[in-house]
Amino acid sequence: MASKIRRGVSLYSFQEEMFLGKMNVEDCVSFAASIGAKGIEILPEQNMPSFPNVTDAEIAGWHEMLERHGCHFTCYDMFLDTKLRNDRLLTDDEQVESIRRDLALCNRMGIRNMRVLIFVRPDILERCVPYAEELDVHMGVEVHAPWYLDHPWILRTIEVADRLGTKHLGILPDMGIFMKHYPPELRARFEREGARPEITQFIVDQHEQKVMCEYTIYEVAVKMKGNPSEVRMAETLRHAPYANPKRIGDFAPYFRHIQAKFYGMTEDCRDPAHAYDEVIPELLKAGWEGTLSSEYEGNRWVQDVMDVDSREQVRRQHEMFKRLLGETANGQEDA
Amino acid sequence: MASKIRRGVSLYSFQEEMFLGKMNVEDCVSFAASIGAKGIEILPEQNMPSFPNVTDAEIAGWHEMLERHGCHFTCYDMFLDTKLRNDRLLTDDEQVESIRRDLALCNRMGIRNMRVLIFVRPDILERCVPYAEELDVHMGVEVHAPWYLDHPWILRTIEVADRLGTKHLGILPDMGIFMKHYPPELRARFEREGARPEITQFIVDQHEQKVMCEYTIYEVAVKMKGNPSEVRMAETLRHAPYANPKRIGDFAPYFRHIQAKFYGMTEDCRDPAHAYDEVIPELLKAGWEGTLSSEYEGNRWVQDVMDVDSREQVRRQHEMFKRLLGETANGQEDA
Amino acid sequence: MFDKYLIDPDSVTDIGPADSPTGFSFTTKLGYYRGLTLSMLEEMTVAVDGEELPREAVSFDDGNGPITLDEMETTYDRRWNFGAPATLSVTYPGGFPKGEHTLSLRQRLRISYMPFPAMRFTEKTIVKE
Amino acid sequence: MFDKYLIDPDSVTDIGPADSPTGFSFTTKLGYYRGLTLSMLEEMTVAVDGEELPREAVSFDDGNGPITLDEMETTYDRRWNFGAPATLSVTYPGGFPKGEHTLSLRQRLRISYMPFPAMRFTEKTIVKE
Ligand SMILES: [Mn+2]
Ligand SMILES: [Mn+2]
């Protein structure tokens, strides 16, 4: 039986090349199509210069471009500028209005999933549910490390969704929560900045053993008298818990899209850090239907020593996805 | 159908009165019996002055004393002094030997549950499993906040237990992981030390909303320029996550004893902080069999302004247990 | 995340009369993976050889007209887009100094989902003949 | 956790000849909820009016014979039990000063399951006629 899991990319993945003017959005879409990643996740505040005053003609232009490459939108990444002003936070009404603006644009673009930033308050989202239902957009709170699926902040959103009985509020996991091993790209960067290999090895070993991060930070900062790069590397552990992949089944009804975070793939197309080999089988077991959307975030860790090649990194991740999803040459392509 | 959950107390609960010489161990046992908490959890390093050279006669004396009050032992709290020496840590062999010593004493005392400190390495425990099996003692790693059931460090112990197929290694939850509301005793203490009520209210509100603790600490320390008491109060949030009670069923096969942590009970016998009203129904639903063992830890928060009355606090907790367990007047007493 | 790309070192140009420049300008980008409304740019601090220039000396233009940093603070209807070059013009009598000197830029961004302001920094060596 | 109970203020007594005391002693307890092997007591720092006395001036006795703090460091076969009073004797020529003075004690304990040493502290006002 073919899996219902589709492959896609977030335009976030190509931020290095787009920032430098080496790729435009169509280059990204064209490349995604070439690796069978037909679902496109967009950050309007990154990719649409006229945001928030996007015209119907612009939207039509996007759709024509996507169709040229056989692609389609999967998800809209929203932001909420509660600190728009320096003299006060947005009021609750203003926050609801900002989200409603995004929901309306998302709907106009024909997108049915919206990534909601994790800091948005559940009671604000509760007020947005009627609009989300009317516009048929699923608001998925991004479960981003160091949060995890069972984190009580996330459970508050689940509680709202259950209480309202709505299908338009839930979560949207960022696979960074399944970082099982310390990413070699981060370690190498800290070593280039002056961290000593014996200290970075200690940090990697502690993480591998899943020691409470505060202990490791204390060991490195106080007992080993770590230098600033070493302490900064130890502090990255605060942002990198490893959530239990076995919980995916419990939460699967609450998400329809996944941000497939990664920092770098090996040449033989393996992710040395994230436990996709445990996560994807759980998704398959749950019969989950939705898109695995590449979110390459390695550029910032390697740009000091090499030209970033986001395409090659994303290509390798999709080779891994094909392997783990059991896609054959002709299998998933037309799904 | 009567629940299989029994009630008990840890002698830890009476530390204030015992430290001050106002109660001896028999006073504690006698009191526990009076409230139907017949299961006694002991900390040999606290309650047995001859530790670790405990004689058979001393053990017999304990059993006679317990029997006088109709009580029995439930659990042995071990410690592991890896830092016994100031020039090096205990070697792995020495650690195994120390745990084996505790397992043997536990067995001699006729106790089948041993609380293992959470910092003990899973690979060390793996080496101890044969001794635990031979001596028929269950080693339960104490899941203590800020860890939680699904924490990857805990999952390593579960992985060892599953791999070995042993029934003698698992966990031992400390109910502090289910701290759903900020304890009033802590707040009041910080206010006596100089924290301003508007700041403590902010901290309580943030915790109630389950905001990521580092955010609250930053708000209090940097943005609000909190005084030292306020910052210390905010920092307590690091140690107080709220774990999902719904996970209890998944982990129930791995524990046989529970440390029922609390900081203070209201006069009408409710715990204002811990979600026992959600936890106990999950235990009942799982058909869990074992002892809820009181662990009163409020003394340190109130001793600056009042005489600590550990007995009254424990009594109130057991009134709550009786209510939540559905015990009738004659129900559980003889179980 | 894009700190090293914040200043285009080849863009440094004097402004004002050629024989008595009143300052210099250079091309910069926003150090962030999306665009921001101008009100959220808290600081763009320019320094020559490590010496910071006054905030009032700096003027920003992303092609939609020059604006001071103080004016940006309350500009809620104009965005600086992702990857879009903008010009920072700096009052600096005599223009950028001849010879080898460093030019640095610190951006302070108010990102709503982060508890603290995001700081971006770059320093480039500029050689002017 | 038991900081406020670490010193028994009524126990302060001079030691040595009555007319020329060589020091004083007082009763203390271990600030912990269990007993500890003596090697894990890293410091017991006594101070009079805030002035710390040298480590060598202090001697400990829990009823099993006096021992110096340096000797305790490598004493692995003797425990200071929970709640058990012990005597700290301090070399302090002239004995505890007459009048109202503060006596403080800081215990530093090496607790294996904690990443940093546990610090306990108490200060009591002692009035000696
Ligand atoms: Mn993400
Ligand atoms: Mn406990």
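Model, not experiment: these values are computed from the prediction.
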Discussion item. Can you confirm if the NZ or CZ of C:R34 lies within 45° of the ring axis of A:F79 and under 6.0 Å from the centre of its six-membered ring?
Written reply: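 Judged by the rule (NZ or CZ under 6.0 Å from the ring centre, within 45° of its axis), C:R34 counts as positioned above A:F79.
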Discussion item. Going by side-chain contact (heavy atoms from CB on, under 4.5 Å), C:Y33 matches just one of A:E297, A:Q15, A:M18. Which one?
Written reply: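 Of A:E297, A:Q15, A:M18, side-chain contact (heavy atoms from CB on, under 4.5 Å) with C:Y33 is met by A:Q15 alone.
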Looking at [atom1] of [X] and [atom2] of [Y], how far apart are the two atoms once the value is rounded to the nearest 0.5 Å?
X: A:L90; Y: C:S112; atom1: CG; atom2: OG; answer: 7.0 Å
X: C:L41; Y: A:N86; atom1: CG; atom2: CG; answer: 12.0 Å
X: C:L36; Y: A:D81; atom1: CG; atom2: CG; answer: 7.0 Å
X: A:K83; Y: C:M114; atom1: NZ; atom2: CE; answer: 8.0 Å

Fill in: Most contacts with chain C, counted as non-hydrogen pairs under 4.5 angstrom, among A:L20, A:L89, A:L84
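With the most close heavy-atom pairs to chain C, the winner is A:L84.
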Practice prompt. Please lay out, stage by stage, how A:E45 and C:R79 fare under the test side chain to side chain contact (heavy atoms under 4.5 Å, CB included).
Written response: CA-CA 9 Å; A:E45 300 196 30; C:R79 293 174 67 87; 2.8 Å; yes
Practice prompt. Please flag which part of C:P115 lies under 4.5 Å from any non-hydrogen atom of chain A: side chain, backbone, both or neither.
Written response: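 The backbone, not the side chain.
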Worksheet item: Which bit of C:T37 comes within less than 4.5 Å of chain A, counting heavy atoms only: side chain, backbone, both or neither?
Response: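 Interface part for C:T37: side chain.
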Worksheet item: Taking 4.0 angstrom as the limit, do C:E73 and A:R85 come out as a salt bridge?
Response: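 No, C:E73 and A:R85 are not salt-bridged.
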Discussion item. Determine whether A:F19 and C:M1 satisfy the following criterion, side chain to side chain contact (heavy atoms under 4.5 Å, CB included), listing intermediate values before the conclusion.
Written reply: CA-CA 11 Å; A:F19 183 92; C:M1 52 195 72; over 6 Å; no
Worksheet item: Non-hydrogen atoms of chain C under 4.5 Å away: do they reach the side chain of A:N47, the backbone, both or neither?
Response: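 Contact with chain C involves no heavy atom of A:N47 at all.
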Worksheet item: Given that the side chain runs from C-beta out, which part of A:F51 has a heavy atom under 4.5 Å from chain C: side chain, backbone, both or neither?
Response: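 Both the backbone and the side chain of A:F51 come within 4.5 Å of chain C.
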Discussion item. Looking at A:D307, I want to see if its CG is surrounded by more than 12 non-hydrogen atoms of other residues, nucleotides or ligands under 6.0 Å.
Written reply: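 Count not over threshold, so no.
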Discussion item. Under 3.5 Å, is there a donor on one side chain and an acceptor on the other for C:Y5 and A:E16?
Written reply: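 Per modelled atom types, C:Y5 and A:E16 side chains form a pair under 3.5 Å.
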Worksheet item: Looking at side-chain heavy atoms only, is the closest gap between A:L80 and C:Y113 below 4.5 Å?
Response: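 A side-chain contact is absent here, since even the closest heavy-atom pair is not under 4.5 Å.
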